[in-house]
**Q** 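The structure's right below; bear with me while I get my questions together.
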Amino acid sequence: TLSDRLTAVFQRIGNKGRLTEQDVDEAMREVRRALLEADVNYKVVRDFVSAVRERAVGEEVLKALTPAQQVIAIVRDELIKILGEERVPLQLAQVPPTIVMVVGLQGSGKTTHVAKIANLLKKEGRRPLMVAADVYRPAAIDQLQTLGGQIDVPVYSEGTKANPIDIAKNAVKLAKDRGYTVVLIDTAGRLQIDEPMMQEVERIAEAVKPHEILLVADAMTGQEAVNVAQEFHRRLALTGLILTKMDGDARGGAALSIRSVVGVPIKYIGTGERIDAVEPFYPDRLASRILG
Amino acid sequence: LFERSEITEDLFEDLEALLIQADLGVETTLELLDNLRDRIDRERIKQPADAREALRTEMIALLENATRNRKIKIYQRGVPFVILVVGVNGTGKTTTIAKLAKYHQDQGRNVMLVAGDTFRAAAIDQLKVWGERLKVPVIAHDPGADPGAVVFDGMQAAYNRNADILLVDTAGRLHTKYNLMEELKKIRKVMQRHVAEAPQEVLLVIDATTGQNGLVQAKKFAEAVEITDIAIAKLDGTARGGIAFAIARELGTPISYVGTGEQVTALAEFNPVTYVDALFF
Ligand SMILES: Nc1nc2c(ncn2[C@@H]2O[C@H](COP(=O)(O)OP(=O)(O)OP(=O)(O)O)[C@@H](O)[C@H]2O)c(=O)[nH]1
Ligand SMILES: Nc1nc2c(ncn2[C@@H]2O[C@H](COP(=O)(O)OP(=O)(O)OP(=O)(O)O)[C@@H](O)[C@H]2O)c(=O)[nH]1
Ligand SMILES: [Mg+2]
Ligand SMILES: [Mg+2]
């Protein structure tokens, strides 16, 4: 663990009363390595480590009795600062329906999490409507409808020949007519560099003006998390992040990367395949995990 | 990057940034760059362009060491060649199966599919859509059925209908889930009981966007079911799938296929040279 490695560094340095900047450099190399191994983006690590270094070289570590633990404390503190607040709720509209749109790369967990969130809302006594706006992936609509059946939440669909923008517009109109209070739009997975697909999702957003646009990101995503998130954010103005598959053993450094470049709150953590496998976000837990 | 006039420490810093950002990981990157330094000393390399070529050949060699381990595929008459496709959730297994089905079909082989994911919503429907599009039979039970039972039926049907290739889809599963990994072992045993050689290919599908966890995935799946080949899907995105180097280096498992899109034709054989060149050379 980072803690072990830092302890080794400071033991090697020995007890000479006061640490030098070189000693801190060596410790920073371990911090950098640990974060890169946790999939934090290279450039984010560089900025992060220089912030940590500044604090470490300040009074805190040079005179500390247990410098390794002091460095860990600074790193954890800086991580939590970036990871943001815990339990930031879904923004509900003043006048219903609240419109939520979910976007992200292929296979990240969008469809599953639309259902998980719909289920949470239903348990809170709200009236969710899920919208099948992925007309491309084979059986994507079936998938959402099957999940809808499992949680007894209706799914609006116009089949695979319809245009996702019309589907979204019509779903919102139906929600207003029938009194659904939250509309959750599931979109197709797409690459952030796929121009026509990015335009599609921009046009859906333009058409229905979502109150929440959530990027769904896989916890095991590597270095590209930053570029993906930045592009989705640039084109859509994201309002939140869902980090999925956190029940695996990926360290989840992508979350730190995305938070530091995009800054939107992490609203949900996906912790399994079942409908109830979703949790609120706790920054200290994710910080521990990233630290390993 | 290699346009400079001399080799400086800056070059190594930039190379490190490039390799790490391609998801090669710290350890693999440091090893490649250490080897590069050795070669630069030994061969008295002075020009950055020559350093570039040295790194390029080193990276290709690393991958080729693993590609060399690729088992020769022997398609025996009357014995279905069974391909078991595995991997964590959402990596592209089902889509890769469709692509492989098309590939084998184009080679004139009789292909059948087995809907071994009996868990995820509409997984069976998804495979059936591909089956209809390719005019390839899909053996399936109802959702919730025992995957071992579907696989057993699939093996049986492959024999009865003289299928040359049997592609078996499985549910995505995290390698950290003991029961799910045991289920996978059981599926493999069902096949072996039916045909000693089966599965002749066990294909792990990895998502190109996956970071360091990809190495853990490869290790854990190999421990459970002896992976014979790896496919890296979604290489049409901006992620480079650099964990392939760590996998080649630590496990020697060959990368055999790359997925380059969502269409059924978007599959290519992995070529270490074009793959390395696409990275940044
Ligand atoms: N273990 C685990 N699996 C998850 C989680 N979220 C989603 N999955 C699984 O990940 C796979 C992909 O989920 P989907 O919801 O189909 O992903 P998607 O983003 O809608 O995929 P596309 O529509 O193809 O882009 C499925 O096997 C899900 O069951 C999670 O939090 N944990
Ligand atoms: N861009 C791109 N998308 C791909 C590629 N391969 C698969 N996909 C997409 O990735 C998503 C997931 O693909 P699936 O084939 O359902 O993945 P899976 O591994 O079977 O998923 P689970 O069964 O839920 O674990 C779908 O949206 C596919 O279209 C690829 O090579 N490139
Ligand atoms: Mg989906
Ligand atoms: Mg599948």
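Atoms considered below: every heavy atom in the structure, side chains included; atoms not considered: hydrogens, waters and symmetry mates. Every chain is numbered from 1, with letters handed out A, B, ... down the list of sequences. The shown structure was predicted, so the numbers you read here are calculated from the model rather than taken from an experiment.
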**Q** Minimum heavy-atom separation for B:Asn213 and A:Asp39, please, with both atom names.
**A**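 Nearest heavy atoms, B:Asn213 then A:Asp39: N-OD2, 4.3 Å.
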
**Q** What residue in A:Asn227, A:Leu144, A:Leu147, A:Asp142 has the most heavy-atom pairs under 4.5 Å with chain B?
**A**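 Highest number of pairs under 4.5 Å: A:Asp142.
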
**Q** Using every non-hydrogen atom in the two residues, find where A:Ala139 and B:Ala122 come nearest and quote the distance to one decimal.
**A**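 Heavy atoms of A:Ala139 and B:Ala122 come nearest at O-CB, 3.8 Å.
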
**Q** Would you say B:Lys220 has more than 12 foreign heavy atoms packed within less than 6.0 Å of its NZ?
**A**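 Atom NZ in B:Lys220 is not packed in, count stays at 12 or less.
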
**Q** Picking from A:Arg137, A:Glu37, A:Arg46, which has the most non-hydrogen pairs under 4.5 angstrom with chain B?
**A**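 Heavy-atom pairs under 4.5 Å are most numerous for A:Arg137.
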
**Q** Just how far is it from atom CE of A:Met220 to atom CG of B:Asp207, taken to the nearest 0.5 Å?
**A**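 So the CE of A:Met220 and the CG of B:Asp207 are separated by 8.0 Å.
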
**Q** Contact part of B:Leu24 toward chain A, heavy-atom cut-off under 4.5 Å: side chain, backbone, both or neither?
**A**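 It is neither, since no heavy atom gets under 4.5 Å.
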
**Q** Considering residues at least two apart in sequence or located in another chain, which fulfil the salt bridge (Lys or Arg N to Asp or Glu O under 4.0 Å) criterion with B:Asp236?
**A**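 Salt bridge (Lys or Arg N to Asp or Glu O under 4.0 Å) list for B:Asp236, sorted by chain: empty.
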
**Q** Looking at B:Thr209, B:Ile243, B:Val216, which has the largest count of heavy-atom pairs under 4.5 Å with chain A?
**A**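 Of the options given, most contacts go to B:Thr209.
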
**Q** At a heavy-atom distance under 4.5 Å, which candidate from A:Ala254, A:Ala115, A:Gly107 has the highest pair count against chain B?
**A**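 Of the options given, most contacts go to A:Gly107.
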
**Q** Sort by residue number and list every member of residues 148-157 of chain A having a non-hydrogen atom under 4.5 Å from chain B.
**A**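 Answer by number: none.
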
**Q** With side chain to side chain contact (heavy atoms under 4.5 Å, CB included) as the criterion, how do B:Lys234 and A:Leu105 come out once you've worked through the C-alpha distance, each side chain's angles and the decisive distance to 0.1 Å?
**A** CA-CA 10 Å; B:Lys234 310 178 195 169; A:Leu105 295 178; over 6 Å; no

**Q** Identify which part of A:Asp194 has an atom lying under 4.5 Å from any heavy atom of chain B, answering side chain, backbone, both or neither.
**A**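 Looking at A:Asp194, nothing touches chain B.
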
**Q** What is the minimum heavy-atom distance between A:Gln223 and B:Asp23, and which atoms define it?
**A**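 So the minimum-distance heavy-atom pair works out to N-OD1, 2.9 Å.
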
**Q** For the interface with chain B, which of A:Leu191, A:Thr112, A:Thr244 has the highest count of heavy-atom pairs at distances below 4.5 Å?
**A**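 If we count pairs closer than 4.5 Å to chain B, A:Leu191 comes out on top.
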
**Q** With sequence neighbours excluded, what pairs up with B:Asn179 under the side chain to side chain donor-acceptor pair (under 3.5 Å) test?
**A**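 Checked B:Asn179 against side chain to side chain donor-acceptor pair (under 3.5 Å); zero matches.
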
**Q** If you count heavy-atom pairs within less than 4.5 Å of chain B, which of A:Gln145, A:Glu224, A:Lys245, A:Arg251 leads?
**A**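 Between A:Gln145, A:Glu224, A:Lys245, A:Arg251, the count favours A:Glu224.
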
**Q** Could you tell me which non-hydrogen atom of B:Val26 sits nearest to which non-hydrogen atom of A:Leu36, and how far apart they are?
**A**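 It is CG2-CB, 3.6 Å.
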
**Q** Can you give me the closest heavy-atom contact between B:Gln21 and A:Lys43, atom names plus distance?
**A**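 Smallest interatomic distance, heavy atoms only, reads OE1-NZ, 3.8 Å.
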
**Q** At their closest point, which heavy atom of A:Arg274 faces which heavy atom of B:Phe119, and how far apart are they?
**A**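 Heavy-atom minimum between the residues: NH1-CE1, 3.4 Å.
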
**Q** Do B:Glu16 and A:Arg32 sit within salt-bridge range, that is, some charged N less than 4.0 Å from a carboxylate O?
**A**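 Between A:Arg32 and B:Glu16 there is a salt bridge, with a charged N closer than 4.0 Å to a carboxylate O.
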
**Q** If only side-chain N and O atoms count, and only distance matters, is there a donor-acceptor pair under 3.5 Å linking B:Gln126 with A:Gln143?
**A**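 No, because no side-chain N or O of A:Gln143 sits under 3.5 Å from a partner of the opposite role on B:Gln126.
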
**Q** Quick one: what part of B:Glu27 sits under 4.5 Å from any heavy atom of chain A, side chain, backbone, both or neither?
**A**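 Both parts, backbone and side chain.
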
**Q** Assess whether side chain to side chain contact (heavy atoms under 4.5 Å, CB included) is satisfied between B:Leu174 and A:Asp247, documenting all intermediate values.
**A** CA-CA 8 Å; B:Leu174 295 182; A:Asp247 44 319; 3.3 Å; yes

**Q** Do A:Arg33 and B:Leu30 have side chains that get closer than 4.5 Å, going by heavy atoms?
**A**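 In contact.
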
**Q** Anything in residues 128-137 of chain B with a heavy-atom distance to chain A below 4.5 Å? Please list those residues in order.
**A**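 At a heavy-atom separation under 4.5 Å, chain A is reached by B:Val129, B:Trp130, B:Arg133.
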
